[in-house]
Amino acid sequence: MILNKGNLLKKKNDVMELEEYSIKLLTKDRLSEVVELEHKVYEDLANKDILYVDSYDDMYQELVNGGKILGVLNSKDRLIAYRYISVPGSRDHNMGLDVGLPHEQLKKVIHLETTVVDPIYRGNGLQDLTLQIASKMVRKEGYRHLLCTVSPYNFYSLYNVMKNGLKIKSLKKKYANPEDENDGTWRFVLHSDLERTFKNPIDTVISKWANLELQKTLIDDGYIGYELSKETKQLNYMKFEDDTNEISA
Ligand SMILES: CC(C)(COP(=O)(O)OP(=O)(O)OC[C@H]1O[C@@H](n2cnc3c(N)ncnc32)[C@H](O)[C@@H]1OP(=O)(O)O)[C@@H](O)C(=O)NCCC(=O)NCCS
């Protein structure tokens with residue numbers, strides 16, 4: 001089933017070409033193409049710390065558990081971008097636990113995992129578009145909370161995710177691996193409650209995007225990262241009167 005289709009611009013030898021694309025849910029038999037694109041994008045990154053590389057086996061298992069991969073295919077049916085989402089359920093890694101969701105809400109959580117776009121197709125808003133499609137799809141299925149991690153050094157991704165209503169709720173080290181003495185890497189944890197709008201802000205503080213120390217202090221003091229400006233690269237942190245975390249089931 002085609003979830004979306006249209007035209008996009010492809011950068012070829014510094015010339016822009018118009019090309020048709022379609023977005024589909026990928027089946028497990030296309031997982032090796034996903035991993036191939038993921039590795040290609042990873043190899044191309046100047047700062048490898050910003051992308052957590054998912055293995056074939058992990059993604060396969062998550063698809064079995066109800067996860068999905070939205071694939072963006074070009075006119076020749078080649079995978080040029082994807083968005084991978086998973087359903088953590090009652091497992092320990094459910095990020096609802098990082099942001100203090102009540103226990104009964106954990107089953108309504110969707111993890112927005114990796115999104116990658118082939119460099120020659122960047123700038124078409126595919127991260128944004130696939131997030132909008134995924135968000136509508138999971139909402140229809142009865143899920144309520146979108147959660148993801150974003151590296152504080154990944155401006156493009158942070159901007160696209162926050163533009164879609166996800167708010168910064170935590171800043172912590174994730175993906176630690178005690179086996180190789182790796183204590184993890186800094187990540188924002190962002191959350192969107194699809195059934196909630198924020199009301200009655202009582203304070204606002206502006207932070208530079210790169211000032212992690214100030215942001216950590218603000219988060220510890222009950223502020224949430226509310227908006228990111230593309231122009232000034234400043235984050236708007238807000239505190240809300242009614243931010244009680246009391247979410248009814
Ligand atoms: C983050 C990412 C998915 C965004 O791709 P996208 O949806 O095509 O980005 P956008 O369409 O929002 O791009 C907006 C602008 O930023 C630019 N841009 C996007 N990603 C960029 C990058 N990694 N480096 C430099 N410029 C980038 C685009 O060219 C575009 O510029 P323009 O406004 O002058 O045209 C893509 O950069 C990527 O695959 N990065 C590596 C993997 C990653 O970090 N994934 C997110 C974490 S899971």
Side-chain angles (χ1 to χ4, degrees), residues 1-27 29-54 59 63 67-86 110-140 146 148-166 188 190 192 209-210 227-235:
M1 190 184 69
I2 294 181
L3 301 170
N4 183 276
K5 61 181 180 173
N7 290 297
L8 45 68
L9 285 169
K10 170 187 181 183
K11 213 177 292 157
K12 201 176 172 189
N13 306 325
D14 277 340
V15 178
M16 302 305 271
E17 275 179 14
L18 205 58
E19 190 173 357
E20 284 182 5
Y21 76 89
S22 61
I23 303 184
K24 291 179 190 164
L25 280 180
L26 299 183
T27 45
D29 56 322
R30 296 197 75 162
L31 196 48
S32 51
E33 291 171 62
V34 171
V35 174
E36 201 181 309
L37 179 59
E38 177 184 44
H39 285 156
K40 179 184 164 185
V41 167
Y42 179 77
E43 289 312 323
D44 184 61
L45 288 177
N47 177 3
K48 306 245 183 288
D49 188 54
I50 66 167
L51 183 66
Y52 178 81
V53 178
D54 302 291
M59 281 195 265
L63 291 182
K68 290 185 173 73
I69 300 177
L70 281 73
V72 185
L73 304 153
N74 74 0
S75 53
K76 297 191 178 84
D77 200 41
R78 179 171 81 77
L79 188 69
I80 57 166
Y82 68 82
R83 173 173 288 284
Y84 157 44
I85 64 175
S86 72
I110 288 288
H111 281 182
L112 304 171
E113 306 276 1
T114 340
T115 309
V116 308
V117 176
D118 187 318
I120 63 170
Y121 291 94
R122 287 194 188 146
N124 283 289
L126 290 175
Q127 186 179 24
D128 178 31
L129 177 63
T130 54
L131 178 45
Q132 289 176 30
I133 296 171
S135 175
K136 264 189 214 145
M137 188 166 70
V138 300
R139 194 172 189 167
K140 265 193 213 149
L146 303 181
C148 71
T149 59
V150 178
S151 160
Y153 308 107
N154 197 345
F155 181 82
Y156 301 104
S157 189
L158 187 63
Y159 177 77
N160 281 332
V161 165
M162 294 190 76
K163 189 170 131 188
N164 279 281
L166 281 95
F188 288 123
L190 294 104
S192 167
W209 159 57
E227 269 171 337
L228 172 60
S229 160
K230 201 172 190 175
E231 289 72 37
T232 62
K233 293 201 168 171
Q234 285 180 332
L235 274 151

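Residue numbers count from 1 along this sequence.
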Using a distance-only test with no angle check, is there a side-chain donor-acceptor pair under 3.5 angstrom linking Tyr121 and Glu19? yes

Determine whether the side chains of Tyr21 and Asn4 contain a donor N or O and an acceptor N or O closer than 3.5 Å. yes

CG-CG distance between Asn74 and Leu8, expressed to the nearest 0.5 angstrom: 8.0 Å

Dump the intermediate steps for side chain to side chain contact (heavy atoms under 4.5 Å, CB included) on Leu31 and Ile69, then the final yes or no. CA-CA 9 Å; Leu31 196 48; Ile69 300 177; 3.6 Å; yes

What distance do Leu18 atom CG and Glu20 atom CD have between them, rounded to the nearest 0.5 Å? 8.5 Å

From OG (Ser135) to CG (Leu112), nearest 0.5 Å: 8.0 Å

Leu37 and Ala81 have their tightest heavy-atom pair at CD2-N, 3.6 Å

Just do the side chain to side chain contact (heavy atoms under 4.5 Å, CB included) check on Leu73 and Ile80 with the steps written out, would you? CA-CA 6 Å; Leu73 304 153; Ile80 57 166; over 6 Å; no

Ala134 and Ile85: which non-hydrogen atoms are nearest, and at how many Å? CB-CG2, 4.5 Å

Taking all non-hydrogen atoms of both residues, which atom of Asn154 and which atom of Trp209 are closest, and how far apart? N-CZ2, 4.4 Å

Under a 3.5 Å distance rule, please check whether Asn124 uses its side chain to pair with a backbone N or O of Leu126 as donor and acceptor. no

Going by heavy atoms in the side chains, are Lys5 and Ile23 under 4.5 Å from each other? no

Over all heavy atoms of both residues, which pair between Leu79 and Gly71 is shortest? Give the atoms and the distance, please. CD1-CA, 3.7 Å

Roughly how far apart are Leu70 CG and Thr130 OG1, rounded to 0.5 Å? 6.5 Å

Taking side chain as C-beta onward, heavy atoms only, is Ile120 less than 4.5 Å from Lys12? no

Using the side chain to side chain contact (heavy atoms under 4.5 Å, CB included) rule, pick out the option among Gln127, Glu113, Lys68 that qualifies with Arg83. Gln127

Any chance CD of Glu36 has more than 12 other-residue heavy atoms, nucleotides or ligands included, within less than 6.0 Å? no

Kindly indicate, with the supporting measurements, whether the criterion side chain to side chain contact (heavy atoms under 4.5 Å, CB included) is fulfilled by Lys40 and Val116. CA-CA 10 Å; Lys40 179 184 164 185; Val116 308; over 6 Å; no

Identify whether the distance between the nearest side-chain nitrogen and carboxylate oxygen of Asp118 and Lys11 falls below 4.0 Å. no

Taking Lys48 for its side chain and Leu45 for its backbone only, find out whether a donor-acceptor pair lies under 3.5 Å. yes

If you take all heavy atoms of Leu51 and Tyr42, which pair is closest and at what distance? O-CE1, 3.9 Å

Spacing of Thr114 atom OG1 and Asp54 atom CG [to the nearest 0.5 Å]: 3.5 Å

Is there a side-chain contact between Val72 and Lys24 (heavy atoms, below 4.5 Å)? no

Walk me through whether Phe188 and Leu158 qualify under side chain to side chain contact (heavy atoms under 4.5 Å, CB included). CA-CA 9 Å; Phe188 288 123; Leu158 187 63; 3.7 Å; yes

From Glu38 atom CD to Glu43 atom CD, the distance as rounded to the nearest 0.5 Å: 10.5 Å

Counting heavy atoms not belonging to Glu17, are there more than 12 under 6.0 Å from its CD? yes

Quick one: closest heavy-atom pair of Ser192 and Leu166, and the distance? CB-CG, 3.6 Å

